[in-house]
Amino acid sequence: MRLSRLIGQRIKETPRDAQTASHIFLLRGGYARPVSTGIYSLLPLGTRITAKIEAIIREEMNRIDGQEVLMPVVLPEELWEESGRARSVGSELLRFEDRNGKPMLLGMTHEEAVVHLARTEVNSYKQLPFVLYQIQTKYRDEARPRAGLIRVREFTMKDAYSFHATQDDLDQYYERAHDAYVRIFNRMGMHDVASIQSDTGMMGGAVSHEFMAIAESGEDTIFMSPKGQYKANRDIAIANVHFKKEDPLPLSKVHTPGQQTIEEVAAYLGKQPADTGKAVFYLDGDDNLIFAMIRGDFEVNETKLKNYLQTSAIRFADDAAIRRAGAEPGYASPMDLDAESVRIIVDRSVAESSNLVVGANEADYHYENFNFERDLDAGEVTDIAVVRPGDPCPVTGQPLQMKRGIEVGNIFQLGTKYTEPMKCTFLDPNGVAQPMIMGCYGIGVGRSMAAVIEQSHDEYGPIWPIAIAPYHVHICVLNPNKPGVSEMAEHLYRELHNRGVEVLLDDRGEKAGFAFNDADLIGIPLRLIVSPKNVAQGKVEFKTRDGGQREMFDADNVVDIMAAMVDDLLAYSAGE
RNA sequence: CGGGGCGUAGCGCAGCCUGGCUAGCGCGACUGCUUUGGGAGCAGUAGGUCGGGAGUUCGAAUCUCCCCGCCCCGACCA
């Protein structure tokens, strides 16, 4: 490709709307353009990169017995009524009617569609297991798209679905899929990807992992032990905090005028937040009141609480609801509550600590020396705490580290969540109909491209790993009008192309600085520089985008050298 | 959905508070000449419903109201 013909302007100045590295460089380098909030067109460079990412994914999915299919983006709502998700998924799902008034929707994920396929094509245990995957557009009406391609509304996703006769078979395939994912992200050139335990959310199912590209701009928070023996999303992370048990002191009511927050009460009584108990009231989807109690120095993890309560949505309760249960906002106590109208959930931090300050259910009063076992004969004890950086790892006991990550892939064991309601069954050897057991496996393609930039860039632009770079070699031509220069450049361009090397030729004759800066922004890993000075000496200058190598090659053998180098690098990154 | 910011040429911005002639600047684009190893110089050219609508006014980019769009934080998120 000649740069003079390439569509997609480089932009010198940082666009006002872009903040993160990938967003800035995807716009500045001419890879992608915004069309609407969270909706982008890919320009030729971006399209080449995503095509290479998709090719890697295809190879690896085929290697683990995936069969590629293509399911529709537009689906009838009735299919989602069968699974129950027409009701359970909210406004993220874009719904509309076709010309006949039939309810339709845009697929945000394709469990229903693939189950529809599976049940029509497969009916015997002899056909199991099998794996279908597609690389297809998804639409989610995100409440808040952000950071360029990292969180968008319309996006390309590889989604795979496996179908099994037994849980054991699913377990085995799940491991293979996990290994394939590790290979895929390695081959893309992501150098820091963690597979972590995660919440299963609306997908349902029991076991799941998220693949997180570690990056400051990531929107997920991860806790991990220093050597990675334990890794989990903050939503479900646990810590092995030891709480101090002391001899219970007598319960006593103290006057705490105007002191409502944990900080105020602790300071007023000369104590630490860790010496207090915090009351947080929630309402679940059916407006049932939940009293969550946790030690004052912790926060309630709403995901853990939701999972424990087996409810899909909770929200903070208003003061009126709190008073109806007999509690006093700001001074709420777990004691003396109407156990009929409120469900009391007590975090381990409260149950296993002693002599805490808690509310007295009376304005301007607290109790000192609350002890759960002695003073409360109600409540369910569980872990509803948000892990904090430095809390002890549940596996090693070492301080947990907090990191940010971009979720580039995930894998779920769905079980029969979809196959049962949608009657996707097979006949087992005994002739008995059984629901198929399912797993699903996703990778965000555009998000992966953005994640690679987040992990691999400098102040000038992206530094593409060769496996997904839009081209392998970038030829900068300086002073093409001087004798022999453009001839040399055209010769290299032609010969490298004939050797199967993908070459971008900057034939514009721009000033050196201009050409180099564009080359940096395009980020192709290998660069050749053809200039009058080099041509006169029969040389071609070589350098790598990351600055690691810089060398003069003889013009006579530069084609051989470069072709071999590209082959070696590609083979290496493919793990061969 | 809550909070904040922004909308003037392809991009980045000034002008707005305190209304006033043909709405400016830098970059980019186009033409010509000169230049050529880290974003060149000179000369010239094109490019604008000042986000949209209504209102106030002799007069609105500027003031008022309504709407729309975009970005950031939060809520939410397979």
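Lettering of chains follows the sequences in order, A, B, ..., and the numbering in each one begins at 1.
Protein atom CG of D518(A) is 12 Å distant from nucleotide atom C1' of rG38(B), rounded to whole Å. Across the protein-nucleic acid pair, D220(A) atom CG and rA75(B) atom P stand 12 Å apart, rounded to whole Å. In this structure, CD1 of I7(A) is placed 15 Å from C1' of rG28(B), rounded to the nearest angstrom. For the pair D506(A) CG and rG37(B) P, the interatomic distance rounds to 15 Å; values are reported in whole Å. The CZ-C1' distance, from R153(A) to rC76(B), rounds to 15 Å in whole Å. Rounded to an integer number of Å, the gap from CZ of R10(A) to P of rG38(B) is 19 Å. Rounded to an integer number of Å, the gap from CG of D458(A) to P of rG38(B) is 17 Å. One atom, CD1 of I39(A), and another, C1' of rC71(B), lie 16 Å apart when rounded to the nearest Å.
Annotation: rC6(B) and rA46(B) have their P atoms spaced 34 Å apart (nearest Å). Annotation: rC58(B) and rG52(B) have their C1' atoms spaced 26 Å apart (nearest Å). Rounded to the nearest Å, the gap between the C1' atom of rG51(B) and that of rA9(B) is 14 Å. For the P atom pair drawn from rU49(B) and rA61(B), the interatomic distance equals 13 Å after rounding to whole Å. The gap from the P atom of rA40(B) to that of rG4(B) amounts to 43 Å, rounded to the nearest Å. Rounded to the nearest Å, the gap between the P atom of rA54(B) and that of rG59(B) is 15 Å. To the nearest whole angstrom, the two P atoms, one in rC16(B) and one in rC63(B), are 9 Å apart. Look at the P atom in both rA60(B) and rG41(B): the space between them is 40 Å, to the nearest Å.
Nearest nucleotide to the A143(A) side chain, out of rG37(B), rC76(B), rG28(B): rC76(B). In this structure, the nucleotide among rG38(B), rC70(B), rG74(B) sitting nearest to the side chain of R527(A) is rG38(B). Listed candidates were rG39(B), rC72(B), rG37(B). Nearest to the side chain of A512(A) is rG37(B). Each of rC11(B), rG28(B), rC73(B) was ranked by its minimum atom distance to the side chain of Q9(A); first place goes to rG28(B). The listed nucleotides are rA40(B), rC72(B), rG28(B); the one nearest the side chain of K12(A) is rG28(B). With rG38(B), rC76(B), rC71(B) as the candidates, the nucleotide lying closest to the side chain of D520(A) is rG38(B). Closest to the F516(A) side chain, of the nucleotides rG38(B), rC71(B), rU35(B), is rG38(B). Of the candidates rC73(B), rC71(B), rG39(B), rC73(B) carries the atom nearest the R144(A) side chain, counting heavy atoms from C-beta on. Considering only the side chain of R146(A), rG74(B) comes nearest among rG74(B), rG37(B), rG69(B).
In this structure, H164(A) has its ring center no closer than 6.0 Å to that of F130(A). For Y133(A) and Y161(A), the distance between ring centers is not under 6.0 angstrom. Taking the six-membered ring for Trp, H209(A) and Y181(A) have ring centres at least 6.0 Å apart.
For rG37(B), neither phosphate oxygen OP1 nor OP2 lies less than 4.0 angstrom from any side-chain nitrogen or oxygen of S531(A). Side-chain N/O atoms of S36(A) include one lying less than 4.0 angstrom from OP1 or OP2 on rC70(B).
A147(A) comes within contact range of the sugar-phosphate backbone alone, with a heavy-atom separation under 4.0 Å but no base atom that close. Within the 4.0 angstrom heavy-atom criterion, only backbone atoms of the sugar-phosphate kind lie near Q19(A); the bases stay farther away. When heavy atoms are screened at a 4.0 angstrom cut-off, N534(A) is found touching base atoms of the nucleic acid. Residue R508(A) is out of contact with every strand shown, counting any heavy-atom pair closer than 4.0 Å. Within 4.0 Å of P145(A), counting heavy atoms only, lie sugar-phosphate atoms of the nucleic acid but no base atom. When heavy atoms are screened at a 4.0 angstrom cut-off, Y441(A) is found touching no nucleic acid atom at all.
Under the Watson-Crick or G-U wobble criterion, with both distances below 3.5 Å, rC70(B) is paired with rG5(B). Pair check for rG44(B) finds rC30(B); Watson-Crick or G-U wobble, both atom distances under 3.5 Å. Pairing for rU64(B) is with rA54(B), a Watson-Crick or G-U wobble pair whose two hydrogen-bonding atom distances lie under 3.5 Å. Nucleotide rU49(B) has no partner under the Watson-Crick or G-U criteria, as no pair reaches both atom distances under 3.5 Å. Searching all strands for a Watson-Crick or G-U wobble partner of rC21(B) with both distances below 3.5 Å returns nothing. In this structure, rU35(B) forms no base pair with any nucleotide, since neither Watson-Crick nor G-U wobble geometry is met with both distances under 3.5 Å.
Note that CD of Q413(A) is 12.0 Å distant from CE of M438(A), once rounded to the nearest 0.5 Å.
Each of N410(A) and Y40(A) has a nearest nucleotide on RNA chain B; the 5'-most of these lies closest to Y40(A). Between N479(A) and F514(A), the one whose closest nucleotide on RNA chain B sits nearer the 5' end is N479(A).
In this pair, Y40(A) and H23(A) present their aromatic rings perpendicular. The plane angle is above 60°, beyond the 30 to 60° band.
Using a 4.0 Å cut-off between a side-chain N of Lys or Arg and a carboxylate O of Asp or Glu, E111(A) and K417(A) do not qualify as a salt bridge.
If you run side chain to side chain contact (heavy atoms under 4.5 Å, CB included) between W464(A) and each of R545(A), H457(A), M449(A), only M449(A) comes through.
For CD1 of I7(A), the number of neighbouring non-hydrogen atoms (other residues, nucleotides, ligands) closer than 6.0 Å is 12 at most.
Both the sub-6.0 Å distance and the 45° axial angle are satisfied by R388(A) relative to the ring of F298(A).
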